[in-house]
Amino acid sequence: IFIFGMATYSLFRDHPDEFQPPCNTLYRCIGSAMVAGIGQGDISVLFHEEIWLDVPNVFYEDSWKQMRTFMTLIFFMIWEYVLLNIFVGLIASAFEGMRDDKDKVQEDSTTKCLICSRDMYDFERFTKTGFKHHVDFQHNPLSYVYYLHYLKNTKETDFTGPDTVVSNKLNNGSNDEERASWLPINRALSLRWHEEEQHKEQLLEQQQVTHQVSTLFARHKQETDEQLSVMNDKIESINANVESMFAFLKQNLGNVASERPTTSHMAPRARRITPDLRNIPHRTGL
């Protein structure tokens with residue numbers, strides 16, 4: 001609105017017209033623009049009440065009227081559609097965040113202990129007295145308020161040992177975490193037995209898992225050793241068979257080489273004798 005007031009003063013302050021905006025001074029022009037823009041959401045009232053009917057017939061006629069119509073439209077689009085929606089969205093988001101925070105606080109106050117921050121489910125499931133007995137008698141916030149009042153209004157010479165420790169943490173703590181370290185956060189006497197039993201069960205489960213892993217490892221090692229032993233026996237048997245085979249082949253080859261005759265010691269081939277049939281007497285009458 002301030003920017004449009006300055007633009008209106010720069011463009012229309014010296015224009016002689018019966019519908020000239022009240023812009024004889026910069027202060028008056030900006031003030032009038034703010035009153036019209038914030039109060040009515042429309043700066044067209046600075047120019048003419050019937051500005052929508054005062055649009056020229058063509059774009060090249062009466063540039064002053066076209067300028068004020070254009071400025072009015074720009075202001076309407078920016079203010080009505082952009083800025084107002086942004087403001088409404090911011091306000092709605094702020095209220096929504098406040099409502100969410102309130103709902104979260106209310107939910108925490110009904111489902112969690114204000115002192116130890118443990119869930120209602122833990123007390124309802126693992127204790128016999130329940131959550132209401134815990135917040136009324138064990139971790140009652142008013143009891144802690146009374147205790148702080150007692151520390152504040154009691155002399156240090158009258159403190160007990162625990163009082164001195166708590167007072168030192170409250171007065172000498174460098175941050176909120178150290179000052180609140182004396183509170184039993186995530187601790188409750190009524191849940192200690194369950195936590196101890198749960199811890200024992202976890203240790204037992206870890207021991208069982210360790211035993212199972214050790215047993216599996218020993219069994220796997222035994223099976224591996226047995227397989228290696230069988231493989232070594234097979235390898236030794238194969239080596240023995242191969243050595244005996246080589247010895248047998250070597251012995252047979254030696255015998256064959258020693259029994260093979262040479263050419264000089266071979267016996268002469270026998271000559272074929274053919275009988276002489278001429279000297280055989282012939283028998284007649286046969």
Side-chain angles (χ1 to χ4, degrees), residues 100 103-105 107-135 138-139 162 165-166 169 173-273:
D100 293 341
D103 294 341
K104 185 176 180 181
V105 171
E107 182 181 0
D108 288 343
S109 63
T110 55
T111 60
K112 289 185 178 181
C113 176
L114 181 62
I115 305 301
C116 65
S117 300
R118 296 296 296 264
D119 291 333
M120 178 180 63
Y121 173 79
D122 297 337
F123 297 98
E124 295 294 337
R125 181 179 180 184
F126 302 117
T127 62
K128 297 180 180 180
T129 55
F131 179 72
K132 190 175 186 308
H133 181 271
H134 172 74
V135 297
Q138 296 177 354
H139 282 172
V165 174
V166 174
K169 289 183 178 181
S174 59
N175 50 41
D176 294 338
E177 185 176 357
E178 292 183 0
R179 286 190 289 269
S181 60
W182 63 279
L183 293 171
I185 300 175
N186 291 326
R187 292 175 295 172
L189 291 175
S190 57
L191 295 175
R192 179 176 296 179
W193 177 83
H194 168 69
E195 292 175 352
E196 291 178 354
E197 291 295 328
Q198 189 176 9
H199 181 66
K200 291 180 181 179
E201 291 178 358
Q202 291 177 355
L203 291 177
L204 181 61
E205 290 179 358
Q206 291 178 359
Q207 292 176 359
Q208 292 177 355
V209 171
T210 304
H211 177 70
Q212 292 177 358
V213 172
S214 301
T215 304
L216 291 175
F217 180 76
R219 185 183 301 174
H220 180 70
K221 184 176 182 299
Q222 183 180 1
E223 293 177 355
T224 304
D225 294 338
E226 292 177 356
Q227 292 176 0
L228 290 175
S229 178
V230 173
M231 292 177 64
N232 289 330
D233 294 339
K234 291 182 178 180
I235 291 173
E236 290 178 358
S237 177
I238 293 172
N239 289 334
N241 293 332
V242 171
E243 290 177 358
S244 61
M245 186 180 296
F246 273 110
F248 176 77
L249 292 175
K250 183 176 181 181
Q251 182 179 1
N252 290 337
L253 291 175
N255 294 333
V256 170
S258 61
E259 293 178 358
R260 183 179 179 181
T262 59
T263 306
S264 59
H265 294 87
M266 292 181 64
R269 180 177 298 179
R271 297 177 61 184
R272 183 176 183 182
I273 301 175

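Panel note: side chain Gln222, backbone Ala218; no donor-acceptor pair is recorded below 3.5 Å. Judged by distance alone, the side chain of Arg118 and the main-chain N or O of Leu114 form no donor-acceptor pair under 3.5 Å. Using modelled atom types, one side-chain atom of Arg179 and one backbone atom of Gly173 make a donor-acceptor pair closer than 3.5 Å. A donor-acceptor contact shorter than 3.5 Å is absent between the side chain of Asp119 and the backbone of Asp122.
Residues His220 and Leu216 have side chains not in contact (no heavy-atom distance under 4.5 Å, counting atoms from C-beta outward). Between Asn241 and Met245, the closest side-chain pair of non-hydrogen atoms is not below 4.5 Å.
Annotation: the span from Leu183 atom CG to His139 atom NE2 amounts to 9.0 Å, rounded to 0.5 Å. Summarising the geometry, atom SG belonging to Cys116 is positioned 7.5 Å from atom CG belonging to Asn186; distances are rounded to the nearest 0.5 Å. Rounding to the nearest 0.5 Å places SG of Cys113 at 9.0 Å from CD of Gln138. Distance OG/Ser190 to NZ/Lys128: 12.5 Å, rounded to 0.5 Å. Remark: Asn232 CG to Gln227 CD distance equals 12.0 Å, nearest 0.5 Å. Atom NZ of Lys112 is separated from atom CZ of Phe123 by 12.0 Å, given to the nearest 0.5 angstrom.
Applying the salt bridge (charged side-chain N to carboxylate O under 4.0 Å, His left out) test to residues at least two apart or on different chains, the pairs with a partner in residues 222-235 are Lys221-Asp225.
Considering every non-hydrogen atom in both Lys132 and Glu124, the closest pair reads N-OE2, 4.5 Å.
For Thr111 and Glu107, the side-chain atoms include no donor-acceptor pair closer than 3.5 Å.
Taking a 6.0 Å sphere around CD of Gln202, one finds it holds more than 12 heavy atoms contributed by other residues, nucleotides or ligands.
Residues passing the ring pair (Phe, Tyr, Trp, His ring centres under 6.0 Å) test with Phe126 are His194, sequence neighbours excluded.
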